Structures are given as C-alpha cells and as structure tokens.
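These notes concern the structure reproduced below.
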Amino acid sequence: MSEQTETSGTDSGTGDAAPDTPPFRYSAALAQDIEVRWQDWWDANGTFETPNPAGPLGDADLAAERGEKLFVLDMFPYPSGAGLHVGHPLGFIGTDVYARFKRMTGHNVLHTMGFDAFGLPAEQYAVETGQHPAITTNENIATYRRQLRRLGLAHDQRRSISTTDPAYYRWTQWIFTQIFNAWFDPAANDGEGAARAIGELVAEFEIGARPTPDGRDWHSLTTEEQKAIVDDHRLAYVSEAPVNWCPGLGTVVANEEVTADGRSDRGNFPVFKRSMRQWMMRITAYADRLIDDLELLDWTDAIKTMQRNWIGRSHGANVHFPSPAGDITVFTTRPDTLRGASFIAVAPDHPLARALEAKDPDVAAFCAECRRLGTSEEALETAEKLGHDTGLRARYPFDTEWELPVYIANFVLMDYGTGAIFGVPAHDQRDLDFARKYELPVIETFEAVDDPRPVLDQAFIPAKDQTVRFTRALAGPELQTGNEAIEAAIAFCEQHGVGQGVTRFRLRDWGLSRQRYWGCPIPVVHCDACGIVPEKSENLPVELPRDVTLDEPGNPLARHPTWSRTTCPACGGPARRETDTMDTFVDSSWYFARFTAPRAETPTDLEEAAYWMNVDQYIGGIEHAILHLLYSRFFARAMHKTGHLPESAIEPFEALFTQGMVTHEIYEKLGE
Ligand code: ANZ
Ligand code: ZN
C-alpha cells in the first residue's frame, strides 16, 4: 500500500490553482486534510473505544445505552517488514463496515486489532542484518498501526495487543502451566471425558482407585516411575515425536510451513522427517468433541469438512494375523472385506520390517530406498507404489490353511493405525494396482446388486450405505449395506477373538516446540531431583533475554551463557530452564479472549468474557481454516476449565467467514 499522498497535478486544490478549479474540489490533498483531521479527532476523543460492562475499561451505563453486544473479529496479522499487503484491507474494511453498521444501529461493538508478532521472519531478518527481532517487530507494528489508522478503521486502540508483549505472554505461559497440570479422564462427565487436575490422578493412584498401566502397586514404584506415569497423562507433555526438521532454519517447522517439494516456505531450505524431543499438547483427547461440536457452528460446510477431514475419524477394527514372527495387527475400516484379503503389507519403519532389515541386506536396501523417497502422506500420494516380499507368510485368522504373503510397502504409513494393512485388491484401488504389479490374486467379497461385473482395472468401491450382494461375507446376510456388514464383521472378529472394534483419528497431538529465540518461552524448568517442574505463577512471565547472539546456527536460548540457569520452583535446587519456545499457533489460540479484558490481572475476566463471547463474526483467511481454528477450539475448552471462559464459549467462533484472496486474475478483470 502506498503511503504517499498524491499532490501533483492541477487537481490539487491547494495553492495557485487554475482559475476554473472550484475551491473545494475533493482532491487527494483535501481528502488527506479531512481524513487526518478526523482521525486526530477520533483518537483524541476515543471515538472507537468500546465500554466493557465493568472492570478497567468498564462503563455499565454506556454499554447498556449502546445496546446489545457484538464481537467482530479479524484474524490478527503478522506484522511483516513490508507493511500491510493488499489482502489485509480486503478483510479489515469488510469487518469495519459491518462493525460500523452495527454500531450505528444500536449495538455495543467490540472491534480491535492485535499483532501475532512472534515467529521466524523477524529472527531470520536478524540473522541477515543483525537487527534485534524486538526492534524489527516494534518498527513493523508501528508501521501497521500507522497504516491502519490511515485507512480510518474504527478499532478500539486500548484493546490492541501484541503476542510479544510480556504482559500478554505471561498469560500464554500461565495457560500452558494449567494445561501441563491437567490430564484427560475419558470416564469423567458421564463418559464424555473431561480434563481434571493432575493432583486428582495422583490421589487415585495413591489410594489404589486406579490401576497403574502395568498393574503394579503404586507404592512399590520408584519416584521416577511414578513421575513417568503421571507425565504420560498430562495434557502438555514431552515426547519423542517425528517432526519436520529444517537444519537450514535450525528448527522444527509445521506441516503448513513445508512446501510440496519438501522445503521450508521460509528460506527454501530442505526439510527432513526425524524423531526429536518435543513438547506436545494432547489435542487428540478432544478429537471426538472437536468433530461432533462442529454441528453447532454457523460455518461453511467447506470449512467444517476441512476440519472433519483433518481430524479424520475412522471407525473400524484391529485384526490380528498370526505369523512365525508373531501376530501382525492391521487396522482396517473394511473388516467386511476380510475374505478378499490377498496380502499383508507393513510400513518400512514397522518393527517387523526393522527386525528383518537387520538380518537381510535386500530388505535393508529396500527400506533405505523408501526412506529416501520420503514417507509423508503427500509424498506417497504421487510416488510409485513399491513392495518387497519378505518371504514371511501370515495365516488368515479364520482359516489355518490360508496363507498371505507379507510385504513391506512404501505406501503404508507407520504413524497411522498400526502401520500394517491387509490388502483387498477387489475393493481398494491402491491394493489393486499393487496386486497387478506383483501378480497377487484379486478376490471379490461383494458385487453390485443390479449390474455385477468382475473387477478388472477398477476396484469396486460402493458407498458405505449402498446395499451390495456379498459373495464372500465374513458375517451377516447376503444383501446388506457396507455399514451393516462392517458392524457384523467387527462383532464376528470380537466373538472369535481375532480382532476388536476401534476408532482411530488422523489427528496427531500438537507438537509445539520450536528451537528458536523469537517465541514465547515454555515456562518449565528441568531439575535433576524433581524432573520437569512448571514455573510458579508469580514468576511469570519467563521473559526472553535481550542479549542473544543470532548470527550462528542453533538455538540462541540454548547457547545463552546464563539465561537457562535458574532454581527449581519445587525444591529450590539448581535447575535449567526449558530453551524451546512455543509454536506461534499457541499465541494466536486465545488472543480474542484477551481482547475482552486486555488489562485483566488474569488471562481474562470471566464477567467480561461472558459478556463478549462468543465472537459473533470472525473473518480471515482460508489458510487458517484448519490448525488455527482447531487449536483455538482446544484452548477455549482449556480456558473454560480454568474458569476464564464461560461454558458457552468452548466453541469461541459463532460465525466464520473466509474472505478469499486478491489474485492477479481479479486484478486483471477489474482493469477491464
Ligand atoms: C482393508 C481394506 C479393504 C481397506 C478395502 C480399505 C478398503 P481411513 O479411512 O483413511 O482411516 N490403512 C490402514 N492403515 C494404514 C496405514 N498405516 N497406511 C496406509 N494405509 C492404511 O483408511 C483406513 C484404510 O486404509 C484401512 O482399511 C486400510 O485399508 C488402510 F476394501 O483395510 B483398509
Ligand atoms: Zn527440584
């Protein structure tokens, strides 16, 4: 956006205008004069300040006089060095017009703008230029503020926050410690499941009301063993997890930050999958709720579908195939096709493949090739399907005579289901391609009722609610829908002790560790005596040190000479601070709640939050339609638990609109 005001030309309306120019022509200069004058007036008079019903920004009478509350929210921007881009005003002006209309027609409208200001670009800029990220960020925010003001947007400035402000991230850290001190009890809340305090879990173990994972008596365990069990339950926990590691940036990056050809969208450095120690949030505990509660929302079907697919709930069965190397357990959503199985395939990282790899150089070479080609879902979509016959034979669980070859296959993912499948070429296209390639039998288990025809190049995959004729049913009548047949097959497997019904999710826990400086510090310490201990709330925020070296690879916090040295909040002994910082998605998971009471000495003020929430209209980019919304929905549930959001706000965004993007094509059409 241009900051310049055009004052050239005969239209300028100032100075020695041509005699036939009217004195008050609405020229750029006159517009400038009027707008700036009013913008000054609005600022001086707090025209766009919106009263809370109580508290520091409170004015109960004024709030009542203005009318019904309305919360209009834009997705807050990352303040980049280039200033606002053309897409920002597209959304911001839309919400501003709407907010103004509502204000003029009797509503108390909350409309403000914050800055999602932690993150890699400022840090990369520091690496390149030596300018400290705090300086860059503050300059960029100042630019954005100036530009937003020039647009004349009616924002309540008093509520504007930056996620980099310690007064904000103090509460981001505090919420993190609450999540750390909680666990998910699936039995709570009449079997719906709910978060509970970690102390209650410990108490249940102590009195023997809850068995330990391996059944040993709680009191016979060492303190370390007890701690490990408790840590395994926490909603925020440390784990070894596969991550996108980007050596060029020296940090883990999110899936969204990786391009289709496996490079970082920032800097274009190669990205590798590797296992690393990571802080995680147990968002998967909420998978069912996060899917089911979508029903309540006034969002487009497209976005709901995106959320649903991302969470990816699959109902099916784990089925065990005996083999000389032990049982191979596969996950299937179509147990009704079991009688059409013609092979077993395991992932290259499956324990069975690993064991064979150590003994058999051919297997080792094949697995190495698979890893080289990449094992991400995206990479596998397009890659050629490759298999290696291990020579091992698995027994069909219902029939001692029938044996299936066991392959290692590149299209089987280790981190989905059990990392092993049974292949049914007749009813799965990928399995069919694989069977044709490796000359495996194609065995049909059902056919179309009206127009049965043999499977040749095209697998027969009817909708699950379509009735088909079973020619080789595992259980149930000849004519049944897929859904009926699946349920019958699960029951049959359970009766015969060869499998169990299970529900699986594609959703993974949220890995939030970043090995970078410009992020919110994870507020825990590591103590040799006590393990991982959250920082006391009176010691929050754990502030970033200012004096860091950004010109070498690696994590600037980890190499800071003194910052990580501290004392343990539990025992007072020497301890080390966590040097990972948080994914910026954490910062943006609750900013809207902070807007309701930006000066509260708690994350929010429940009274204000209850008045303002939910967000009545949220507007932003479709690129945030998955993770940002999912994480915010998770945080809202956590904040309800801690008493900082009302129960009605566990779905924080009532209505959502994605404004689309300004593209070159539109630009060209406008020019026509
Ligand atoms: C046998 C079968 C027969 C399958 C059939 C499908 C059709 P969704 O719906 O996405 O959950 N599968 C299971 N684990 C896998 C893994 N780790 N990597 C790759 N594929 C995997 O997909 C579930 C189906 O995907 C499962 O059901 C399994 O193939 C495959 F006619 O089992 B099915
Ligand atoms: Zn300690």
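Both counts, for ligands and for their atoms, begin at 1 and track the order of listing. This chain uses plain numbering: 1 for the first residue, then up along the sequence. As the structure is a computational prediction, the values presented were derived from the model and not from experiment.
For atom 7 (C) of ligand 1, the nearest non-hydrogen atom from the set Asp428, Ile421, Thr332, Asp431 belongs to Asp428. Closest heavy-atom approach to atom 25 (O) of ligand 1 within the set Arg334, Gln429, Arg430: this belongs to Arg430.
Residue Phe411 has at least one heavy-atom neighbour below 4.0 Å for each of these atoms of ligand 1: 18 (N), 19 (C). Interface of Tyr416 with ligand 1, defined as ligand atoms under 4.0 Å from a residue heavy atom, comprises 8 (P), 10 (O), 11 (O), 14 (N), 15 (C), 16 (C), 17 (N).
Within 6.0 Å of CD in Glu401 there are 12 or fewer heavy atoms belonging to other residues, nucleotides or ligands.
The closest approach between a heavy atom of Ser314 and any atom of ligand 1 is below 4.0 Å. Using a 4.0 Å heavy-atom cutoff, Arg504 is absent from the residues neighbouring ligand 1.
Looking at ligand 1, you won't find any N or O of His427 less than 3.5 Å from one of its N or O atoms. Any N or O atom pair closer than 3.5 Å counts here, and Leu413 shares at least one such pair with ligand 1.
If you check the side chains of Asp465 and Thr481, you find no donor sitting under 3.5 Å from an acceptor.
To the nearest 10 degrees, the Zn ion (ligand 2) sees SG of Cys527 and SG of Cys571 at an angle of 110°.
Closest to atom 24 (C) of ligand 1, if we only count protein heavy atoms, is Thr333 OG1, 3.7 Å. The closest protein non-hydrogen atom to atom 13 (C) of ligand 1 is Phe331 O, 3.3 Å.
Shown are Phe434, Phe422, Phe321, Tyr438; of these, the ring-ring contact (aromatic ring centres under 6.0 Å, His included) with Phe343 is made only by Phe434.
Ion pair Glu369/Arg372 flagged as a salt bridge, since at least one NZ, NE, NH1 or NH2 atom sits closer than 4.0 Å to an Asp/Glu carboxylate oxygen. Salt bridge annotation for Lys464-Glu484: absent, with no cationic side-chain nitrogen under 4.0 angstrom from a carboxylate oxygen. Of the charged side-chain nitrogens involved, none lies within less than 4.0 Å of a carboxylate oxygen, so that Glu651 and Lys304 do not count as a salt-bridged pair. Comment: Arg371 engages Glu357 in a salt bridge, judged by a side-chain N to carboxylate O separation of less than 4.0 angstrom. Asp349 has no carboxylate O lying under 4.0 Å from a charged side-chain N of Lys273, or vice versa, which leaves the two without a salt bridge. Between Glu295 and Arg308 there is a salt bridge, since at least one side-chain N of the basic residue sits less than 4.0 Å from a carboxylate O of the acidic one.
Under 4.0 angstrom from ligand 1, the non-hydrogen atoms of Thr337 all belong to its side chain. Counting heavy atoms closer than 4.0 Å to ligand 1, residue Phe422 contributes atoms from both its backbone and its side chain. Residue contacts with ligand 1, taken as heavy atom pairs separated by less than 4.0 Å, involve Val412 via backbone and side-chain atoms alike.
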Glu444 vs Arg472, side chain to side chain contact (heavy atoms under 4.5 Å, CB included): CA-CA, chis, key distance, verdict:
CA-CA 7 Å; Glu444 289 154 53; Arg472 291 171 66 85; over 6 Å; no

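There is no protein heavy atom closer than 4.0 angstrom to atom 29 (O) of ligand 1.
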